[in-house]
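Report on one structure; see the data block that follows.
FYI, the numbering just counts along the sequence from 1.
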Amino acid sequence: QKTAYEMLRSLVGSEMCIRDSAIVTNGEMEGGGAYFMISRNLGPAFGGSSGLLFWFTYCINVTFNTVAFTQTIQPVFFSSGSWIGSGDYWSSVAISTVTLFLLFLVAYKGAAAFA
């Protein structure tokens, strides 16, 4: 018997497979994605509010991913005797800040390539 968590995980994985299969095909994709569809079908007010919600959840997701990345990298690449490898709060903040800054640079340069 599956728990609700296992069923939800399967549903999310299935949805991602369906969405990604449309992306990797050679067919033409209509512009805008989910936000485009919502704003055109339900109006700009609802589309704007859902776009703001998507942005907020992506911000929260970046936070969780950065913390997980830091907790994985810290004990592997830094010795536990050093300050940066000690695993305390400020060393984790330092690694997370450097990681986010590097990702910002990559995103900034990538956006400039398409501008």
Side-chain angles (χ1 to χ4, degrees):
Q1 181 177 1
K2 288 189 173 187
T3 64
Y5 174 74
E6 291 171 333
M7 290 174 22
L8 181 63
R9 187 176 60 192
S10 298
L11 289 174
V12 169
S14 301
E15 185 272 332
M16 288 176 63
C17 288
I18 292 169
R19 182 192 64 216
D20 292 344
S21 66
I23 292 173
V24 298
T25 61
N26 287 332
E28 286 190 30
M29 298 293 294
E30 295 294 325
Y35 174 72
F36 178 81
M37 181 186 69
I38 290 171
S39 65
R40 294 298 184 260
N41 291 328
L42 300 174
F46 189 78
S49 63
S50 65
L52 187 63
L53 182 63
F54 287 150
W55 172 80
F56 182 71
T57 56
Y58 287 143
C59 290
I60 298 297
N61 186 20
V62 165
T63 304
F64 287 137
N65 289 337
T66 304
V67 168
F69 176 79
T70 300
Q71 290 176 350
T72 303
I73 291 297
Q74 203 166 15
V76 172
F77 289 105
F78 302 106
S79 67
S80 59
S82 66
W83 171 79
I84 198 78
S86 64
D88 68 341
Y89 175 76
W90 290 110
S91 63
S92 297
V93 168
I95 293 172
S96 297
T97 302
V98 169
T99 301
L100 286 175
F101 183 72
L102 291 174
L103 291 174
F104 166 76
L105 290 177
V106 168
Y108 186 74
K109 288 292 186 182
F114 294 106

Linked, directly or transitively: [X] and [Y] (ILVMFWY side chains, under 4.5 Å):
X	Y	result
F104	L102	no
V93	F78	yes
I73	W83	yes
Y89	I84	yes

Matching residue for F64 among V67, I60, V62, T66 - test: side chain to side chain contact (heavy atoms under 4.5 Å, CB included):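 In the set V67, I60, V62, T66, the residue that makes a side chain to side chain contact (heavy atoms under 4.5 Å, CB included) with F64 is I60.
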Where T70 and S92 come nearest, the two heavy atoms and their spacing: CG2-O, 3.6 Å
Residues at least two apart in sequence or cross-chain that pass ring pair (Phe, Tyr, Trp, His ring centres under 6.0 Å) with F101, listed by chain then number, are none
Side chain to side chain donor-acceptor pair (under 3.5 Å) with Q74: of S86, S80, S91, only one passes, and it is S91
Which residues share a side chain to side chain contact (heavy atoms under 4.5 Å, CB included) with T99, sequence neighbours left out: F69, I95, L103
Tell me if the CH2 atom of W55 is crowded by more than 12 foreign heavy atoms within 6.0 Å.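 Atom CH2 in W55 is not packed in, count stays at 12 or less.
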Run the side chain to side chain donor-acceptor pair (under 3.5 Å) test against T97 and tell me which residues pass, sequence neighbours left out. none
